[in-house]
A.B. asks: 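Below: one structure in structure tokens.
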There are 2 protein chains.
Amino acid sequence: MATLNEVAQRAGVTPATVSNVLRNRGRVGEATRQRVLEAVAALGYRPHLPARALAEGRAPTIALMVSSIANPFYPEFALAVENALRRSGQFLIICNTDGDPQTGRAYLDQIAGTLSAGVLVMNANLDFADLRATERRGAPVVLCMWERPHDPPGLPCVAVDFGLAGMLAARHLLELGHRRIGAIVGSKISGIHAARYEGFLAAMNAAGLDGARAPVLYAPDTTQGGYAATRELLARHPDLTAVFTTNDLPALGAMQAAADLGLPVPAALSVIGITDIQLARESRPALTTVAVPTVEAAELAVALLQELVEQPAKAAGRVCVTSAPELVVRGSTARPRA
Amino acid sequence: MATLNEVAQRAGVTPATVSNVLRNRGRVGEATRQRVLEAVAALGYRPHLPARALAEGRAPTIALMVSSIANPFYPEFALAVENALRRSGQFLIICNTDGDPQTGRAYLDQIAGTLSAGVLVMNANLDFADLRATERRGAPVVLCMWERPHDPPGLPCVAVDFGLAGMLAARHLLELGHRRIGAIVGSKISGIHAARYEGFLAAMNAAGLDGARAPVLYAPDTTQGGYAATRELLARHPDLTAVFTTNDLPALGAMQAAADLGLPVPAALSVIGITDIQLARESRPALTTVAVPTVEAAELAVALLQELVEQPAKAAGRVCVTSAPELVVRGSTARPRA
DNA sequence: GTGAAAGCGCTAACAA
DNA sequence: TTGTTAGCGCTTTCAC
């Protein structure tokens with residue numbers, strides 16, 4: 001690994017000049033510039049990122065905190081984040097918290113503000129207090145999928161109108177003619193899908209049905225969770241013609257449950273999800289869902305974080321709202337049979 | 001962000017002593033140790049990783065190169081890698097290459113040996129020459145899923161006996177009584193699944209069938225690829241009773257194709273994959289497949305890379321072989337109907 | 001235009 | 001047991 005110094009010696013200049021050439025700073029004579037460039041090429045010189053970061057006082061990476069990168073939604077988001085970062089010459093560190101606040105805190109303590117200039121937080125079950133502390137230590141934090149655009153969390157965030165998403169999903173079912181609709185809501189405790197469910201309730205009420213009376217079950221936000229919940233829901237309410245789900249994974253589970261119960265989807269049971277992950281397109285029947293602008297959210301999150309890194313005061317507490325979620329009708333929903 | 005120096009001043013000692021306390025190096029008096037620890041706590045001091053790395057001459061992260069983290073197999077692997085790294089205090093940088101050697105090279109140039117102490121390479125379509133160059137610059141490289149334990153690539157690697165995997169898959173089909181078996185092989189050009197197919201052929205031949213005459217199609221290593229290939233295969237050979245696939249994603253696609261063609265799986269068509277990704281468990285019917293020890297491979301890869309970082313000479317060119325792949329029988333295979 | 005010098009935050013000899 | 005010194009590779013201000 002050649003260093004700046006070695007390049008400088010070979011080119012017969014000082015490190016400062018090499019640095020200037022490489023970063024297009026200051027004024028450098030064309031002749032020296034050429035000599036320097038040749039030396040760089042000859043030695044195969046590559047800048048030492050941590051050293052540069054140290055000298056510049058800014059960290060070379062961004063951290064993405066997720067509960068588990070193996071959750072099918074996160075990789076799509078992480079990919080978009082990495083693409084955005086790459087364009088601006090930064091690197092992505094993945095932090096799996098296992099949904100454990102301790103692990104999350106340990107990560108924040110270790111890298112926020114030193115290795116990582118800032119941190120992107122997906123639903124990773126982190127303590128807000130820890131995030132605040134992280135901010136105070138000089139590493140901006142951006143919440144990546146805030147559910148309520150009109151109800152800011154007090155931390156900079158990218159918000160997606162999930163209330164609207166829930167509403168669109170419910171409305172689709174209602175417009176198809178469904179009246180007996182069951183709801184499966186992810187992770188009650190963290191309340192993470194509350195806005196989606198509220199959107200569902202609002203649509204039901206608007207249609208003259210009493211949303212609060214619609215059967216509802218809280219379940220883990222996984223395929224298995226959706227599967228089990230659907231079986232239970234259907235056991236208790238065999239007359240349901242449709243299942244609303246606050247996320248795609250449980251919706252996929254709901255379809256499997258229906259299959260196992262001998263209920264053809266969508267003929268005997270309609271199923272709808274929220275998010276539109278890749279898998280939604282690939283299931284049979286393909287899942288009707290409300291698509292959330294994942295890539296846009298990732299890009300906004302990166303841009304916001306970068307702004308915060310540059311000018312912490314200016315962007316403090318800012319809420320970036322993505323474009324609206326949109327209904328994607330596929331094969332898992334249809335009119336109820338007569 | 002408090003620095004070592006500030007801690008030292010507050011504790012009335014020099015930075016060197018603080019460093020010694022923090023790293024349990026050298027001998028430090030109990031009294032000073034306490035004072036230092038108090039100062040650390042009071043100031044909320046956290047070591048500056050890049051600075052430490054610079055001083056120690058070792059990079060604080062490991063890079064994982066994948067074509068796209070959104071490919072469903074990689075997150076499972078990445079999770080296991082991150083867990084292993086976390087245990088030893090290192091951090092994971094994700095590099096998506098989009099399957100583009102240029103992008104891969106750019107990444108290697110930028111971080112290998114500086115930001116990242118070493119690089120883990122999953123099938124990312126990288127030039128071997130670039131990997132060699134990376135090694136020469138002092139950043140060890142480990143290939144994470146080498147397909148042929150007995151045919152080393154000339155680079156340190158973790159090898160999985162995918163030939164055996166192919167063989168086990170084919171043998172399962174044969175033992176069920178299938179004779180007209182079609183094969184779908186991922187990505188012919190890169191030859192990345194060749195060993196798996198050879199295992200299939202060997203099993204066919206061993207059963208007295210001429211493997212080379214079995215219908216085979218090369219397809220992209222995706223659900224869609226498997227879907228299209230299966231439709232084509234079945235159109236050309238309607239008498240097939242089973243489909244062998246070199247990976248789970250195409251196998252899942254094959255099941256969808258069968259569903260769309262009105263062929264019940266496994267009654268009318270058996271389908272088998274290789275790898276055992278999470279989705280394999282979740283499909284309906286659940287996919288019969290040959291499980292590959294993903295977590296073990298990830299852990300071996302991390303361990304090997306760490307060894308290489310410590311003592312490049314000692315572990316050079318080493319091949320770590322994982323335990324053997326194992327057949328996992330689920331619902332997508334059955335006896336052919338009479 | 002180019003160089004000299006100081007410093008980013010930390011570690012690692014060696015000296016005291 | 002603790003301090004001194006030098007230096008990791010780079011940037012940057014300020015002279016020249």
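Convention: sequence-line order gives letters A, B, ...; per-chain numbering from 1.
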A.B. asks: Taking atom types as modelled, is there a side-chain donor on A:Thr97 or A:Thr103 under 3.5 Å from an acceptor on the other?
C.D. replies: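 A:Thr103 and A:Thr97 do not have a side-chain donor-acceptor pair below 3.5 Å.
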A.B. asks: With a 3.5 Å cut-off and sequence neighbours excluded, list the donor-acceptor pairs that the side chains of residues 76-89 of chain B form with protein atoms.
C.D. replies:
| from | atom 1 | to | atom 2 | distance (Å) |
| --- | --- | --- | --- | --- |
| B:Glu76 | OE2 | B:Gln278 | N | 2.8 |
| B:Glu82 | OE1 | B:Arg86 | NH2 | 3.0 |
| B:Glu82 | OE2 | A:Asn96 | N | 3.2 |
| B:Glu82 | OE2 | A:Tyr107 | OH | 2.4 |
| B:Glu82 | OE2 | B:Arg86 | NE | 3.2 |
| B:Asn83 | OD1 | B:Arg86 | NH2 | 2.9 |
| B:Asn83 | ND2 | B:Leu79 | O | 3.1 |
| B:Arg86 | NH2 | A:Asn96 | O | 3.2 |
| B:Ser88 | OG | B:Leu85 | O | 3.1 |
| B:Ser88 | OG | B:Gln306 | NE2 | 2.7 |

A.B. asks: What does B:Gly57 touch in the nucleic acid at a heavy-atom separation under 4.0 angstrom: a base, only the sugar-phosphate, or nothing?
C.D. replies: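 No contact.
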A.B. asks: I want to check one thing: is the phosphate of C:dG3, taken as OP1 and OP2, less than 4.0 Å away from some side-chain N or O of A:Thr17?
C.D. replies: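 So the side-chain polar atoms of A:Thr17 do come within 4.0 Å of the phosphate oxygens OP1 or OP2 of C:dG3, strictly under.
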A.B. asks: Is it true that B:Glu56 and B:Arg23 have a side-chain N and a carboxylate O under 4.0 angstrom from each other?
C.D. replies: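 Yes, B:Glu56 and B:Arg23 are salt-bridged.
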A.B. asks: Respond yes when some side-chain nitrogen or oxygen of A:Thr32 is under 4.0 Å from OP1 or OP2 of C:dT2, and no when none is.
C.D. replies: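 Yes, within the criterion.
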A.B. asks: For nucleotides 6-16 of chain C, just jot down a letter per nucleotide in 5' to 3' order: B, S or -, based on protein non-hydrogen atoms under 4.0 Å.
C.D. replies: -BBBBBB----
A.B. asks: Any salt bridge between B:Glu38 and B:Arg10, counting N to O under 4.0 Å?
C.D. replies: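 No.
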A.B. asks: Calculate the interatomic distance between A:Glu6 atom CD and D:dG7 atom C1'; express it in whole Å.
C.D. replies: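 That distance rounds to 15 Å.
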A.B. asks: Between A:Asp109 and A:Arg137, does at least one N-O distance fall below 4.0 Å, as a salt bridge requires?
C.D. replies: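 Salt bridge between A:Asp109 and A:Arg137, a charged N being under 4.0 Å from a carboxylate O: yes.
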A.B. asks: Evaluate the criterion salt bridge (Lys or Arg N to Asp or Glu O under 4.0 Å) for residue pair B:Arg35 and B:Glu30; output intermediate values, then yes/no.
C.D. replies: CA-CA 9 Å; B:Arg35 260 186 303 132; B:Glu30 191 47 33; over 6 Å; no
